[in-house]
Amino acid sequence: MTAAVPEVLLLDGVLDAEQAAATVRSILADQQADGAVPWFQGGHLDPWDHTEAAMALDTAGEHAAAEAAYRWLMATQNADGSWYAGYTDGEVSNASKETNFCAYIAVGAWHHHLSTGDDAFLELLWPAVRRALDFTVGLRLPGGPIAWRLDEDGTAVQEALLTGSCSILHALRCGLAIADYLEEPQPDWELAAGRLQHAIARHPERFLDKDRYSMDWYYPVLGTALRGAEAAERIAGAWEKFVVPGLGVRCVSDRPWVTGGESAELALALWAVGQSDRAVEILRWIQHLRHADGSYWTGYVFEDDAIWPEERTTWTAGALLLAVAALGGDPATVAVFGGEQLPSGLVVSDCC
């Protein structure tokens with residue numbers, strides 16, 4: 001690390017200065033020479049979690065490392081604007097293409113620019129962002145959702161995932177923020193964002209039923225589709241289904257398994273809708289997943305008192321750092337995940 005961690009990464013009962021620095025180092029230690037950030041050393045990389053880790057590095061002032069991660073994305077983007085779903089040691093290990101993985105560069109790019117103020121690098125990233133969102137928007141389904149995947153043979157799955165679509169909505173809004181800043185209007189993204197937000201908020205039947213998964217519970221809030229009373233109602237509605245007091249958040253409602261990534265993401269969603277006390281409490285709970293080197297285990301099976309899987313993932317550490325940064329008032333993280341400063345796209349009030 002090049003400097004002491006910023007105060008925004010210090011949170012009583014979660015991270016002190018030494019602990020925060022160790023967590024940042026744990027991500028840097030796994031970053032490869034070409035900028036790629038795999039799940040862990042020797043593990044695979046997906047573009048979404050790679051970008052999450054890059055954003056976490058920016059919260060710590062590790063801007064050169066974050067920039068290297070975005071340069072990796074620019075270097076590996078496919079001609080159609082996509083990325084493959086998985087890479088291992090520089091080789092494609094999953095040749096399908098997931099739309100929310102591809103769109104997420106827009107969230108990272110805007111966060112990086114707000115963190116650094118680097119106009120030149122934003123302009124360099126812009127073509128990759130534009131191609132990625134054009135690819136994503138090109139896979140719209142009737143009624144607003146976006147197909148969640150292209151199979152390896154190039155066939156689009158004619159189904160949408162709620163969690164992925166919420167992430168895509170967030171990416172479209174960040175992409176529109178970049179477009180506004182660069183004075184490059186993108187009316188197709190505006191329409192797509194409006195239709196997608198309407199589908200998420202009003203038409204759950206348009207998405208695959210995955211309500212066993214906690215991400216489908218909180219992602220409409222984390223992805224900025226719901227705010228105010230609707231967000232509070234959604235959080236309250238499944239709290240007891242997914243939250244295990246003292247341990248964290250279940251990944252799946254019918255499994256005795258809490259995970260650090262989902263717990264940190266829920267904390268970020270709670271912060272975004274004004275429930276910071278709850279957010280801090282959850283982040284404190286998951287410190288049982290912390291390793292001595294500052295990294296975080298992916299999850300814990302509480303009925304067996306067992307860490308599982310036996311891996312410490314960069315994206316778990318990254319999600320925790322982003323949640324702490326939001327709670328600490330980091331301007332870039334507040335702007336990107338708070339949502340109030342992001343363009344909303346066209347307002348859609350009926351089915352289309």
A.B. asks: Between Arg206 (side chain only) and Ala199 (backbone N and O only), is there a donor and an acceptor less than 3.5 Å apart?
C.D. replies: no
A.B. asks: One thing to verify: whether Arg234 and Glu230 come together as a salt bridge, which I'm taking to mean a side-chain N less than 4.0 angstrom from a carboxylate O.
C.D. replies: no
A.B. asks: Do any side-chain atoms of residues 140-150 form donor-acceptor pairs under 3.5 angstrom with protein atoms, and if so which ones, sequence neighbours left out?
C.D. replies:
from	atom 1	to	atom 2	distance (Å)
Arg140	NE	Val137	O	3.0
Arg140	NH1	Asp188	OD1	3.3
Arg140	NH2	Asp188	OD1	3.1
Arg140	NH2	Asp188	OD2	3.2
Arg149	NE	Asp151	OD1	2.7
Arg149	NH2	Asp151	OD1	2.5

A.B. asks: Could you state the interatomic distance from CG (Asp119) to CH2 (Trp126), rounded to the nearest 0.5 Å?
C.D. replies: 14.0 Å
A.B. asks: Quick one: are Ile105 and Pro47 in side-chain contact, heavy atoms under 4.5 Å?
C.D. replies: no
A.B. asks: Would you say the side chain of Leu322 lies within less than 4.5 Å of the side chain of Thr59, judging by non-hydrogen atoms?
C.D. replies: yes
A.B. asks: When you compare the side chain of Asp49 with that of Thr314, does any pair of heavy atoms fall below 4.5 Å?
C.D. replies: no
A.B. asks: When you check the side-chain N and O atoms of Arg312 and Tyr296, is any donor under 3.5 Å from an acceptor?
C.D. replies: no
A.B. asks: Sub-3.5 Å donor-acceptor pair from the side chain of Glu303 to the main-chain atoms of Val301, do we have one?
C.D. replies: no
A.B. asks: Only counting residues at least two apart or in another chain, list the ones meeting side-chain hydrogen bond (donor to acceptor under 3.5 Å, both in side chains) with Trp271.
C.D. replies: none
A.B. asks: Scan side-chain atoms only and decide if Asp118 and His113 contain a donor-acceptor pair under the 3.5 Å cut-off.
C.D. replies: no
A.B. asks: Do side-chain atoms of Arg250 reach the backbone of Arg255 as a donor and acceptor pair under 3.5 angstrom?
C.D. replies: yes
A.B. asks: Are side-chain N/O atoms of Ser263 and Trp285 paired as donor and acceptor at under 3.5 Å?
C.D. replies: no
A.B. asks: Angle between ring planes, Trp39 versus His44, binned at 30° and 60°: parallel, tilted or perpendicular?
C.D. replies: tilted
A.B. asks: Would you say the side chains of Glu52 and Tyr104 form a donor-acceptor pair under 3.5 Å?
C.D. replies: yes
A.B. asks: With under 30° as parallel and over 60° as perpendicular, where do the rings of His291 and Trp297 fit, or are they tilted in between?
C.D. replies: perpendicular
A.B. asks: Run the side chain to side chain contact (heavy atoms under 4.5 Å, CB included) test on Gln32 and Asp89 for me, step by step, so that the C-alpha distance in whole Å, both residues' side-chain angles and the decisive distance to 0.1 Å come before the verdict.
C.D. replies: CA-CA 9 Å; Gln32 298 171 352; Asp89 294 329; 4.3 Å; yes
A.B. asks: Any luck finding a side-chain donor-acceptor pair between Tyr300 and Asp305 under 3.5 Å?
C.D. replies: yes
A.B. asks: Keeping Gln77 on the side-chain end and Ala128 on the backbone end, is there a donor-acceptor pair under 3.5 Å?
C.D. replies: yes
